[in-house]
Amino acid sequence: MKRIQHQLFFFATIVWFLSGCGAYRTSSITARDAASLPPQASSIAHGSPEQNTSPPPNEEPVTAGIVDAQGAVAVEIIPQYNRLQQNVKGELSVLLKLDGKKVAAVDRQPIQLAIIIDRSGSMTGDKVASVKIAALELLKRLTPEDRVTLISYSDTVTVHSTQLLMDEVGKTVIRDKILGIQAGGGTALGPATIEAEKILTEQVNSYNGMSHILLLSDGLANVGVSDPTLLGKVCSDGFAKGVSISTLGVGLDYNEDLMTKMADEGGGQYHYVRDDKLIATVLEDELKGLMATVARDIQLRLLPAAGFAVQKVYGYSFHTEEGFTLIKVGSLRSGQNRDVLITLTHNELSVGQPHMGEVIVEFSDVLSGNSASSISFRPQLHKAESQQEYIESENSEVTVRLAEVRSFEELSLAAQAVDRGDFTQAETMLSQSISELEVQAQKTPDEKLTMQIKELRQAKSDLEMAKTSSVEKKHFVKKKKSSAYQQSKQSKGRKSTFDKLPAKKKSRRGSKASTGKKTDNVFSY
């Protein structure tokens, strides 16, 4: 009897291998993670006889273009086309939706926070007063378990406090330090950031909580290290060690490209604040985000299969390391959505191509005590028998998102043209982008495209105001760059991926795409 069972198992294994009809998924999970999942996801995570954390040969394959979840994070992977043509070079765009689990209240961890305040000469007057008010309001939201490092900078860097507990005594000390800050001098933004990163990373391994830097500046870095690449590397190294950074550009005279670079490399957010009276609101939102964090240190690893290569990642910092493309995402708040759109190129594909590569989502699950977690996909491939079959396999949701993010890039490039004083080129770029979106909207009608067309038309209208004064010109540049930056990272108004989890594991096969068409169980060519 046992011999027959072994033979049947061997036969089933061979049939599964030859079928090539799925995408592997692996995950690591704790008991607390599983408790927070829907019943079907919990069953998958624990590893039932048909689904283990390390996929055995007879594991039921997970389909590409569907949803998976673990603990605090849900992931959906959708290819622009479900089928690819054999012996044809081309591109394949893939949309990864990352969503944070929505919970009534997050039992938040302590926060190790570094606040870096610009006290250069340009901050004199209302600006420095607004920053002080905002910082004092921020203190009210911190608990006795939180720690604050306060740094200010002008020509020199001053460390006012290091890892001070925010009990009543600590808050009193910090309050007095904040009130004593006076503006005057240059802008040693780089050295101040390096000092903050050093202080927080030295303690991060012994600190069971979130480590985050808030950097505020209203001017150009002109003392010490100021190169965006070098400062980006400082923030990237900090992110790798568990320290994130968000940047706030105040007014119209700071370097938004530098501030964006630092936030992207550091897994945080960049904010443009024209009116210094709004600094308190932005800092409040940042702190609320930290308090509602359900997953942090999120990073995507892509290992393209032979013949595939990552051409572009929209909206996020990425680099290649040991064959992997690493994409820094940062953190997810409760109920937050993030979209990562990736375009790959492929050579002429041959029969038997096993998969497009491996996609791994790694993160620290805050809801389960910062447990290291990952979800891994290996999307399989089959061929399109004709160009028509290739075209009909399109997932229009990805096409629409691709049109959106490309228009965001054009908006940012138009802002750069305005910065150079080339208004004619800016208007031409915006007009062309509008025309392209209108054509796409006819092919794939979508409210998002309609809204983006409206925004680009508004940008054309704002160009006229930008021509009237240097102040309006600077505002146009920073506002449009900020808008493009924010919108490239998330799609507004979409459903949570958690809501799309199938009722039963078996329903993962033949799932419905957002276009209403039945998708293949695999990426196919």
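Numbering starts at 1 and runs along the sequence shown.
- No donor-acceptor contact under 3.5 angstrom links the side chains of Glu464 and Thr468, judged on distance only.
- Taking a cutoff of 4.0 Å between a charged side-chain nitrogen and a carboxylate oxygen, Lys312 and Glu409 qualify as a salt bridge.
- Nearest approach of Ile453 to Ala441, heavy atoms of both residues: CD1-CB, 4.5 Å.
- Arg301 forms a cation-pi arrangement with Phe324, by the criterion of a distance under 6.0 Å to the ring centre and an angle within 45° of the ring axis.
- Smallest separation of non-hydrogen atoms from Ser483 and Leu411: OG-CD2, 4.5 Å.
- Annotation: the span from Lys448 atom NZ to Gln452 atom CD amounts to 11.5 Å, rounded to 0.5 Å.
- A donor atom on one side chain and an acceptor atom on the other are found under 3.5 Å apart for Glu286 and Gln269.
- A donor-acceptor pair is defined here as one N or O able to donate and one able to accept, closer than 3.5 Å; such a pair exists between the side chain of Gln336 and the backbone of Arg333.
- A donor-acceptor pair shorter than 3.5 Å cannot be found between the side chains of Arg401 and Tyr314.
- For the atom pair Ile298 CD1 and Leu98 CG, the distance stands at 6.5 Å (nearest 0.5 Å).
- Between Tyr272 and Tyr254, the angle of the ring planes lies from 30° to 60°, which puts this pair in the tilted group.
- Looking at heavy atoms from C-beta onward, Ile178 lies in side-chain contact with Leu139 at the 4.5 angstrom threshold.
- Each of Lys474, Arg274, Lys127 was scored for a salt bridge (Lys or Arg N to Asp or Glu O under 4.0 Å) with Asp253, with one residue passing: Lys474.
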